[in-house]
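Some notes on the structure that comes next.
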Amino acid sequence: MRDDISARSAALATVLGAVTGDAAVSPRDLGAALETLGVPAPRQEQAREHVHRARGEHVRLRRREHELAALFSSARELAAARDGKALLERLVQRAHEILGCDVTYLSEYDARTRELNVRATAGAYSGEFRHLNVPAGYGLAGEVIELRMPRWVPRYSEYLADRRVPDIDRAVELEGVVSILGVPMVSGGDVLGVLFVATREERSFAPEQIALLSALADHASVVLRTAHTLRDLWRSEEEARAALERLTEHLAERDRAGAVHRELIQVVLDGGGFGQLVRALSSALGRGVTVIDAEDRVIAASGPAAPFMSERSGGPVELTPPVLAAVAAGARTGRCQVLAGADREVAAVGAMRAGAQDFGALLFGPGDFELGPVDRRTIERAAQVCSLLELQQQAVARAEGRLLTDLVADILDGQPGRRDDLERRARAFGVELSRLDTVQLYVVPAGRQARALAAARRCVGAAGLAGLSHEAVVVLLDSRRPGVGAPAVREHIARHAGGPVLAVVPPPDEPARAGTGDPVEAAVAGLVTRFTLALRTSRLLAVIGVDDEVAGTDDYLPYVSVFDADARSLTSFVTRLIGPVLDYDAERGTELEATLRAFARCNASPTRAARMLGFHPNTILQRLERLDALLGPGWREDDRFFRISLAVRLRELMSAASGQAGGASSHEQPGGLG
């Protein structure tokens with residue numbers, strides 16, 4: 001009896017385990033249990049069906065319980081969590097576990113581009129799938145967004161061809177996805193994204209699965225909406241903070257600008273110079289300030305780390321290409337130019353310009369704060385004030401320049417009646433007229449004479465006087481003052497005026513200085529003599545084409561003494577005397593001019609001429625016979641031979657100045673001018 005009860009209890013436990021147990025009961029064990037419980041054979045099949053239905057309902061209820069628990073957990077996380085990204089990842093993982101799919105992912109919708117971008121995944125191993133981007137209107141995601149309702153496909157490979165794109169197809173193929181279900185994430189009428197589940201084998205999705213995924217999608221919508229709201233709040237807070245900072249900086253800039261403007265105006269009203277201006281700017285803007293002129297020379301500097309403070313030697317400073325470009329841009333636009341890079345010596349540039357005239361620039365070093373719009377406008381106004389100050393100083397300099405030019409012209413005029421007050425006028429410029437013993441004459445193109453004169457005056461300084469006379473820059477100097485030699489002055493003029501510069505320098509006239517009588521009269525007479533010689537020499541050099549060198553008058557004295565240089569007269573002189581020889585060489589390609597030159601240099605000695613040219617004396621004699629025929633009888637006589645020699649050497653000078661060989665023989669060695 002007891003054994004029978006135990007058997008029936010075990011059979012009943014088997015039947016209940018078939019309904020509620022975790023492990024499945026085999027049909028044979030279930031049939032044996034039913035027989036033990038006394039269920040007739042005809043009724044056993046019906047009992048098995050009831051057991052199976054009960055087990056299915058039990059499984060469904062347990063799954064539903066699990067799903068509801070997951071939804072409740074998700075709801076609690078929504079209430080407590082602040083990290084939207086982490087919460088989305090947990091939602092995707094939970095959906096992945098509940099629905100038992102192979103791949104689960106969430107794509108966020110970008111309303112601006114209408115694209116969908118994957119934000120979180122579970123179960124995906126393909127990099128392309130984890131970073132999938134779906135263009136607007138394509139893929140299953142596009143259909144879900146348009147219809148705003150769940151959509152699924154049992155086989156994605158058979159999905160509508162016009163909605164598929166190669167990138168999505170490749171990602172799906174790499175991941176091995178077959179079936180896909182997507183539900184929209186909607187909040188307040190706006191589509192925020194799509195939540196997807198996918199399997200790597202064909203599968204149908206039940207309504208309760210779609211409903212569960214939709215519920216999780218609603219939770220994800222709350223997360224995204226919250227994240228968007230928080231992002232908007234953070235953005236608004238940052239914008240408000242930035243606006244407050246900008247307002248504070250603007251007020252600080254206005255205060256600085258007001259202080260600078262008041263100081264600049266006061267400096268101008270008090271008749272101050274560049275030194276006071278840069279000190280005011282440096283103090284107000286908290287950085288070093290340097291003013292350079294149009295020739296890149298430092299005029300004034302003030303403040304810590306002022307650009308080129310250590311290079312104030314009177315010469316131009318070396319500006320880097322970025323600084324040069326900033327100065328050019330500032331001159332072109334009239335705006336302050338800020339240079340990027342904290343390690344730069346020059347952080348900002350304000351160009352000084354009035355009309356078409358450039359006066360230089362204000363160079364600002366780095367500071368503790370960034371230059372704002374008001375600070376930059378302050379720099380622009382300061383540059384304008386400096387330009388006005390430079391205009392004023394140039395006006396004064398022009399007035400002094402006219403006085404200097406008149407003084408130089410009166411000194412070189414040569415009329416004794418106008419020399420009465422010369423000494424007094426020279427002393428007004430810090431020059432002792434009686435000590436001037438050197439004349440330097442500089443010939444420059446007409447359009448550059450003003451710049452050349454200004455450069456010459458800066459270079460000469462208190463060592464002498466500089467002015468314009470006979471369309472040339474004339475410098476009168478004391479030869480005992482160092483650093484004002486013709487090569488140095490010419491180089492300075494060429495650097496700042498541009499173009500070729502011809503310097504003509506006669507030697508100091510020591511006998512005139514040592515003479516008796518009034519030293520001022522003696523000095524002036526000597527200057528007039530040397531100027532006349534330099535002027536005649538410059539005219540000769542202009543005729544023969546020399547325009548860019550330092551020339552001493554002694555080298556050309558024989559020719560200057562004979563000719564009052566004129567291109568037509570010189571050419572006529574040369575042509576009249578040796579024209580037949582030049583024509584003969586040009587027609588036949590001979591070198592009679594070279595023979596004539598060597599003959600003249602060797603004082604009419606055929607033997608010495610032959611040695612100079614490396615020819616046999618008979619060859620020279622034959623060529624001299626040809627010259628006799630061309631130049632006519634008596635050309636070797638003293639008076640005519642002197643004139644022919646002079647023409648030959650003038651021809652050589654003109655050929656050398658023009659860079660030609662002048663008909664010289666390839667055998668002839670170069671020599672002096674005789």
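When reading the values below, keep in mind they use all heavy atoms of this one structure, side chains included, and skip hydrogens, waters and symmetry mates. Numbers here are sequence positions counted from 1. Treat the numbers as computed from the prediction; the structure is a model and nothing was measured.
The side-chain heavy atoms of Ile292 and Ile299, taken from C-beta on, include no pair separated by under 4.5 Å. Contact annotation: the side chain of Leu363 never approaches that of Val289 to less than 4.5 Å [non-hydrogen atoms, C-beta and beyond]. Residues Thr290 and Val298 are in side-chain contact: their nearest non-hydrogen atoms beyond the backbone lie under 4.5 Å apart. Contact of the Leu362 side chain with the Cys386 side chain is registered, since non-hydrogen atoms from C-beta on lie closer than 4.5 Å. A heavy-atom distance below 4.5 Å is found between the side chains of Arg225 and Leu192. By the 4.5 Å heavy-atom criterion applied to side chains, Leu116 and Leu132 are not counted as neighbours. Using a 4.5 Å heavy-atom threshold, the side chains of Val475 and Val439 count as separate. Two residues are said to be in side-chain contact when any heavy atoms from C-beta on lie closer than 4.5 Å; Val431 and Leu436 meet this criterion.
Residues that satisfy the side-chain contact (heavy atoms from CB on, under 4.5 Å) test with Ala463, not counting sequence neighbours, are Val460, Leu477, Arg481, Val484. Qualifying salt bridge (Lys or Arg N to Asp or Glu O under 4.0 Å) partners for Arg130, counting only residues two or more places apart in sequence or in other chains: none. Asp548 pairs by the side-chain contact (heavy atoms from CB on, under 4.5 Å) definition with Arg490, Pro500, not counting sequence neighbours. The side chain to side chain donor-acceptor pair (under 3.5 Å) search around Tyr105 returns none, not counting sequence neighbours. Scored by the side chain to side chain donor-acceptor pair (under 3.5 Å) test, Arg448 finds no partners at all (sequence neighbours excluded). Under the side chain to side chain donor-acceptor pair (under 3.5 Å) criterion, Glu146 pairs with Arg163, sequence neighbours left out. In this structure, the salt bridge (Lys or Arg N to Asp or Glu O under 4.0 Å) partners of Glu380, at least two apart in sequence or on a different chain, are Arg335. Shown here are the ring-ring contact (aromatic ring centres under 6.0 Å, His included) partners of Phe531, two or more places apart in sequence or in another chain: His470. For the side-chain contact (heavy atoms from CB on, under 4.5 Å) test, residues two or more places apart in sequence or in another chain that qualify with Arg241 are Glu237, Glu238, Glu245. Contacts of Ser387 classified as side-chain contact (heavy atoms from CB on, under 4.5 Å), with partners at least two apart in sequence or in another chain: Met352, Phe359. For the side chain to side chain donor-acceptor pair (under 3.5 Å) test, residues two or more places apart in sequence or in another chain that qualify with Arg495 are His492.
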- Working for side chain to side chain contact (heavy atoms under 4.5 Å, CB included), residues Val338 and Val349: CA-CA 6 Å; Val338 177; Val349 172; over 6 Å; no

- With side chain to side chain contact (heavy atoms under 4.5 Å, CB included) as the test, would you mind laying out the steps for Ile145 and Tyr109 before giving the verdict? CA-CA 9 Å; Ile145 292 295; Tyr109 179 67; 4.1 Å; yes

- Take Ile493 and Leu453 through the side chain to side chain contact (heavy atoms under 4.5 Å, CB included) test and state the conclusion after the steps. CA-CA 8 Å; Ile493 293 175; Leu453 178 59; over 6 Å; no

- Task: Test side chain to side chain contact (heavy atoms under 4.5 Å, CB included) on Leu339 and Val323 and set out the steps.
- Result: CA-CA 8 Å; Leu339 284 77; Val323 176; 3.9 Å; yes

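Of the charged side-chain nitrogens involved, at least one lies within less than 4.0 Å of a carboxylate oxygen, so that Asp410 and Arg425 count as a salt-bridged pair. At a threshold of 4.0 Å, the pair Asp368-Arg287 does not count as salt-bridged, since none of the basic side-chain nitrogens sits closer than that to a carboxylate oxygen.
Considering all non-hydrogen atoms of both residues, Glu345 and Pro366 come closest at O-CD, 3.6 Å. Val504 and Ala534 get closest at one heavy-atom pair: CG1-O, 3.6 Å. In terms of heavy-atom proximity, Ala488 sits nearest to Cys459 at O-SG, 4.5 Å. For the pair Val550 and Pro487, the tightest heavy-atom approach, listed with the atom from each and the gap, is CG2-CA, 4.2 Å. Of all heavy-atom pairs spanning Arg376 and Leu371, the tightest one is NH1-O, 2.8 Å. Minimum interatomic distance between Val327 and Ala351 (heavy atoms only, all atoms of both residues): O-CB, 3.8 Å.
At least one donor-acceptor pair closer than 3.5 Å links the side chain of Asp293 to the backbone N or O of Arg297. With hydrogens and angles ignored, the 3.5 Å screen pairs no side-chain donor or acceptor of Glu89 with any backbone N or O of Thr121. Arg457 places a side-chain N or O within 3.5 Å of a backbone atom of Ala466 that can act as its donor or acceptor partner. Judged purely by atom type and a 3.5 angstrom limit, Ser282 has no side-chain atom pairing as donor or acceptor with the backbone of Val278. Without hydrogens or angle criteria, Arg435 side chain to Asp478 main chain gives no donor-acceptor distance under 3.5 Å.
Taking CG of Leu106 as the reference point, atom CG of Asn117 lies at 11.0 Å (rounded to 0.5 Å). Atom OG of Ser107 sits about 11.5 Å away from atom CD of Glu115, to the nearest 0.5 Å. Residue Thr405 holds its OG1 atom at 10.5 Å from CG of Leu465, rounded to the nearest 0.5 Å. Rounding to the nearest 0.5 angstrom, the gap separating the CG atom in Leu502 from the CG atom in Leu441 is 8.0 Å. One distance of note links CD1 of Ile379 with CZ of Arg381; it measures 11.5 Å at 0.5 Å rounding. Taking OG1 from Thr438 and CG from Leu476, the interatomic distance works out to 9.5 Å, rounded to the nearest 0.5 Å.
Residue pairs meeting the salt bridge (charged side-chain N to carboxylate O under 4.0 Å, His left out) criterion with at least one member in residues 349-366, sequence neighbours excluded, are Arg353-Asp358.
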